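The structure under discussion appears below in the form of structure tokens.
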Amino acid sequence: MPAPTTTLKDRVRIAVQPGGPKNPQPVRAAETVDGATAEELHSAERQDGGEASDAILTWLDRYDAHFTKALPAHIDSSAFLAAVRALLPGLAPCTPASLLQSLLTCARFGLIPNGRHAVIRREGKLAVFVPMYQGYVDLMYRSGRVSSVHVGMVHAGDEWNYEPTAPAPLDFTHRPALALPREKRGKPILAYAFCWMPGGARSQVVLLSREEAEEIRDKYSDSYQRAKRNGREDSFWHTDFDAMWSKSALRRLHKVVPMSAELVQLSKADDAGDAGEVQAVHASHDDDEAFDAAVAADTAAEGSQEPRRAATLPRKRVQPKRPGSRRSRRGWKGRRR
């Protein structure tokens, strides 16, 4: 009779292979990888994708219970773990501390990193949790404060009208020209968002032009500016402008619609990731031990990739003693006039 499956790695394999793992590759024991140095973990970057994923999963196995506890009850853990498994080969170069805190943050918000609701993005050697606009919509529904959320884009060939002084829902109408070929429908010219409340009222419509979206990108997106300075075009504003445009419109909706505390924290975590800051501190959590460990590791260890692991014990700060008087200072007597 096979041994019961208890590790994160085994559960992920079952999630992506319903029939069970076939010819699994041997990997290092969990206790060996758990004590590995950062260099040993980063050596996975030079391995094949499957071996790299196994090495990182074995290291993450020590936090298995924390991931399970972090996920809300309504989220299927197998779906979350399958998405993690698919991401790991591309995240192998990331520092272990940033990978841990980004995954814990994603789990705590109950978003699956599947590219639609959330993404774990690599920024150099840092793993960053990025909620997509569908993730924001999910949390809006969970709050119970809205009954329906709509995010859309107006194309040049669409029929639309905006008359802010008219009563809702006549103030804004949009009829997409879906029957036209894509090239005749034209490029997007506006992103918009609105929602319906449980009592039947509709919120104010937020409209965002391309020019306004570019202003938001240029003024507030640190990741876009970093990529631009480094001559790269790999930020989300470069690779998926329309999705970021829609997400910006949805985030502006927060100013006119009552939002839950969790949604506010998601926005803060989103901004922290864009700025290259620790995100886990913005995720509401009951499991203080795991999050404190993730934040401490991400804050203290990210700047160094030395072969030896830094000590985890807190360092006691000692204030230097001041001399009792000026006469007791070395060399002071000779400098007096």
Side-chain angles (χ1 to χ4, degrees), residues 38-39 41-42 44-45 56 59-60 63 70 83-84 87-109 111 113 115 117-133 135-136 139 213-241 243-245 247-248 250-251 254 262-285 290-306 309-310 312:
E39 275 195 357
L41 287 171
H42 289 309
E45 181 181 5
I56 301 172
W59 178 75
L60 287 175
Y63 299 101
V84 170
L87 290 173
L88 288 182
L91 297 175
C94 296
T95 58
S98 69
L99 181 59
L100 173 62
Q101 74 98 14
S102 62
L103 289 174
L104 279 172
T105 304
C106 187
R108 176 54 60 187
F109 283 114
L111 299 177
H117 298 88
V119 172
I120 305 298
R121 179 177 176 80
R122 181 164 70 89
E123 286 269 351
K125 290 188 176 182
L126 298 180
V128 181
F129 159 66
V130 182
M132 306 304 285
Y133 81 84
Y136 278 90
L139 263 66
E214 290 173 347
E215 290 175 355
I216 291 173
R217 176 199 65 189
D218 296 341
K219 186 174 182 179
Y220 297 108
S221 178
D222 292 335
S223 63
Y224 172 78
Q225 295 299 336
R226 285 195 302 270
K228 189 176 179 180
R229 286 194 302 268
N230 296 326
R232 305 193 316 267
E233 294 187 354
D234 56 356
S235 74
F236 274 130
W237 279 106
H238 285 105
T239 61
D240 204 348
F241 183 90
M244 296 300 290
W245 187 358
K247 177 177 164 181
S248 298
L250 184 64
R251 289 192 58 171
H254 299 174
E262 186 180 28
L263 201 55
V264 172
Q265 293 303 107
L266 180 65
S267 296
K268 292 181 179 180
D270 193 1
D271 292 339
D274 189 75
E277 300 170 355
V278 178
Q279 299 172 284
V281 295
H282 300 291
S284 58
H285 55 88
F291 273 82
D292 287 348
V295 172
D298 194 70
T299 303
E302 290 305 340
S304 173
Q305 292 304 312
E306 298 175 354
R309 289 169 55 177
T312 56

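Values in this document were obtained by computation on a predicted structure and should not be read as measured data. Just so you know, residue 1 is the first one in the sequence shown, and it goes up from there.
Looking only at distances, no side-chain donor or acceptor of Q279 sits under 3.5 Å from a matching main-chain atom of Q101.
Considering CD of Q265 and OG1 of T105, their distance stands at 11.5 Å, rounded to 0.5 Å. Note that OG of S221 and NZ of K228 are 11.0 Å apart. Values are rounded to the nearest 0.5 Å. Rounding to the nearest 0.5 angstrom, the gap separating the CG atom in D271 from the OH atom in Y220 is 10.0 Å. Here the CD1 atom belonging to I216 is positioned 13.5 Å from the OH atom belonging to Y224, to the nearest 0.5 angstrom.
Here the closest non-hydrogen pair linking V278 and A272 is O-CB, 3.8 Å. Across all their heavy atoms, R251 and S267 have their closest contact at NH2-CB, 3.5 Å. Between A127 and S98 the shortest heavy-atom distance is N-OG, 2.9 Å. The minimum heavy-atom distance linking L250 with Y136 is given by the pair CD2-CB, 3.4 Å. Here the shortest heavy-atom pairing between E262 and R108 reads OE2-O, 4.2 Å. Residues C106 and L111 approach most closely at SG-O, 2.9 Å, considering heavy atoms.
By the side chain to side chain contact (heavy atoms under 4.5 Å, CB included) test, R232 pairs with E123, A227, N230, D234, sequence neighbours left out. Contacts of L91 classified as side chain to side chain contact (heavy atoms under 4.5 Å, CB included), with partners at least two apart in sequence or in another chain: L87, C94, L99, I120, R122.
Below 30°, between 30° and 60°, or above 60°: for F129 and F109 the angle between ring planes is below 30°, a parallel geometry.
The closest side-chain heavy-atom distance from D218 to Q225 is below 4.5 Å.
Applying side-chain contact (heavy atoms from CB on, under 4.5 Å) to F236 and the options M244, K247, R217 leaves one that passes, M244.
For E233, the CD atom counts as loosely surrounded, since its 6.0 Å shell holds 12 or fewer non-hydrogen atoms of other residues, nucleotides or ligands.
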